[in-house]
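Notes follow once the structure below has been shown.
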2 protein chains.
Amino acid sequence: MDELDSAIVAHLQADARLTNRELARRLGVAPSTALERVRLLRERGVIRGYHADIDLAALNRPVEAFVACRVRPLSRAVIDNFKAALNSLPEVLASYVCAGDDDFILHVAVPDLERLHEFLIDRLSERREVLGFRSSIIFESTRKPVFAELPS
Amino acid sequence: MDELDSAIVAHLQADARLTNRELARRLGVAPSTALERVRLLRERGVIRGYHADIDLAALNRPVEAFVACRVRPLSRAVIDNFKAALNSLPEVLASYVCAGDDDFILHVAVPDLERLHEFLIDRLSERREVLGFRSSIIFESTRKPVFAELPS
DNA sequence: CGTGAAAAATACTCGCT
DNA sequence: AGCGAGTATTTTTCACG
């Protein structure tokens, strides 16, 4: 990870569909150089993939929330089972296994509040391992690209 | 948003660098058709952009956490000011303005636990509008593509 | 490692249905 | 809207510094 790699990562994070030619031009290197660097970054797993960023409202899911759950017993089997069950639900965008007040944090997106309530009551509360949960409706969200390494 | 649009969104969410040719092949339409559809989806804001998914550990930031904050007074001015200040910090990946027990939820990534502590003490606690906060260290995270619309 | 140039693949345009 | 053929760009390979 030298400066050239960091610059590539920064550019592709901002726009994953940059042509290799344009990327090379911005970096001030030959297209073949940029191409090879990007190939290596993918191979090393630094670049994990490329994803389109979709407007959730356009997919009829304008309501987002975090749902933090307490789960017991907190065994490997229960965690994996719970995680798999949740990720198969269409309402769930992402799930996080955590240490702290909450064992799981779910990021969900639904068409409306009624559907959120339904999810909490019918999907989450139903599960025996769920001791309790707490929801936070998201009003605004800001995601930032991770431009550079933090100094160590 | 007909089925063709949904399929395009699904494919580009999974791999934003699909060639238009391959996309068209998978959809069973002509390349020019796919190209025009994608153009319209971007124009309508359904596709907001394309981003490379980067391994945070490779950028020297293997430790992730959610930090949920209570902020007072919860006025527009304080919210906007707090939000702007946080988003300018390199540790912060994303920030969410919420309703619920927490007013703000921050997604942070740092090189190690020491740096997390430092962030909490020096950056967050320092601020007068912060009444309190609660951190959850993330052990595992799973992000899912949003494949289809939920039925209304 | 990086380069430049050639070959292969792809994007994009446009007249037509 | 969707299509297909033609043209312009781009990607990708590779022999060389």
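What you see is a predicted model; the values in this text were computed from it and never measured. Numbers restart at 1 for each chain; the letters A, B, ... are given by sequence-line order, proteins then strands.
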| remark: Dot-bracket for DNA chain D, 5' to 3', Watson-Crick and G-U pairs with both distances under 3.5 Å, [ ] for crossing pairs, | for partner on another strand, reads ||||||||||||||||.
N/O donor to acceptor pairs below 3.5 angstrom from side-chain atoms of residues 22-29 of chain B, sequence neighbours left out:
residue, atom, partner, partner atom, Å
Glu22(B), OE1, Arg25(B), NE, 3.1
Glu22(B), OE2, Arg25(B), NH2, 2.9
Glu22(B), OE2, Arg26(B), NE, 2.9

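Each ring-ring contact (aromatic ring centres under 6.0 Å, His included) pair with one or both residues in residues 52-85 of chain B, not counting sequence neighbours, appears once here: Phe66(A)-Phe66(B), Tyr96(A)-Phe66(B), Phe66(B)-His107(B), Phe82(B)-Phe104(B). Applying the ring-ring contact (aromatic ring centres under 6.0 Å, His included) test to pairs two or more places apart or on separate chains, none has a residue in residues 115-139 of chain B. The side chain to side chain donor-acceptor pair (under 3.5 Å) analysis of residues 74-84 of chain B, with sequence neighbours excluded, yields the pairs Glu140(A)-Arg76(B), Glu140(A)-Lys83(B), Arg76(B)-Asp80(B). Listed by first and then second residue, the ring-ring contact (aromatic ring centres under 6.0 Å, His included) pairs involving residues 19-64 of chain B amount to none (not counting sequence neighbours). Residue pairs that meet the ring-ring contact (aromatic ring centres under 6.0 Å, His included) test with at least one member in residues 9-38 of chain B, sequence neighbours left out, do not exist here. Listed by first and then second residue, the salt bridge (Lys or Arg N to Asp or Glu O under 4.0 Å) pairs involving residues 62-75 of chain A are Arg72(A)-Asp103(A) (not counting sequence neighbours).
Protein chain A contacts DNA chain C over a range whose 5' and 3' limits, counting nucleotides with an atom under 4.0 angstrom from a non-hydrogen atom, are dG2(C) to dG4(C).
When hydrophobic residues (I, L, V, M, F, W, Y) are linked wherever their side-chain heavy atoms come within less than 4.5 Å, Leu131(B) remains an isolated member.
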| request: At under 4.0 Å between heavy atoms, which parts of nucleotides 1-17 of chain D does protein reach? Answer with one letter per nucleotide, 5' to 3': B base, S sugar-phosphate only, - none. | output: SSBB-----SSBB----
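Partners of Ala30(A) by side chain to side chain contact (heavy atoms under 4.5 Å, CB included), not counting sequence neighbours, listed by chain and number: Ser32(A), Thr33(A).
With salt bridges taken as basic N to acidic carboxylate O contacts below 4.0 Å, one links Asp102(A) and Arg134(A).
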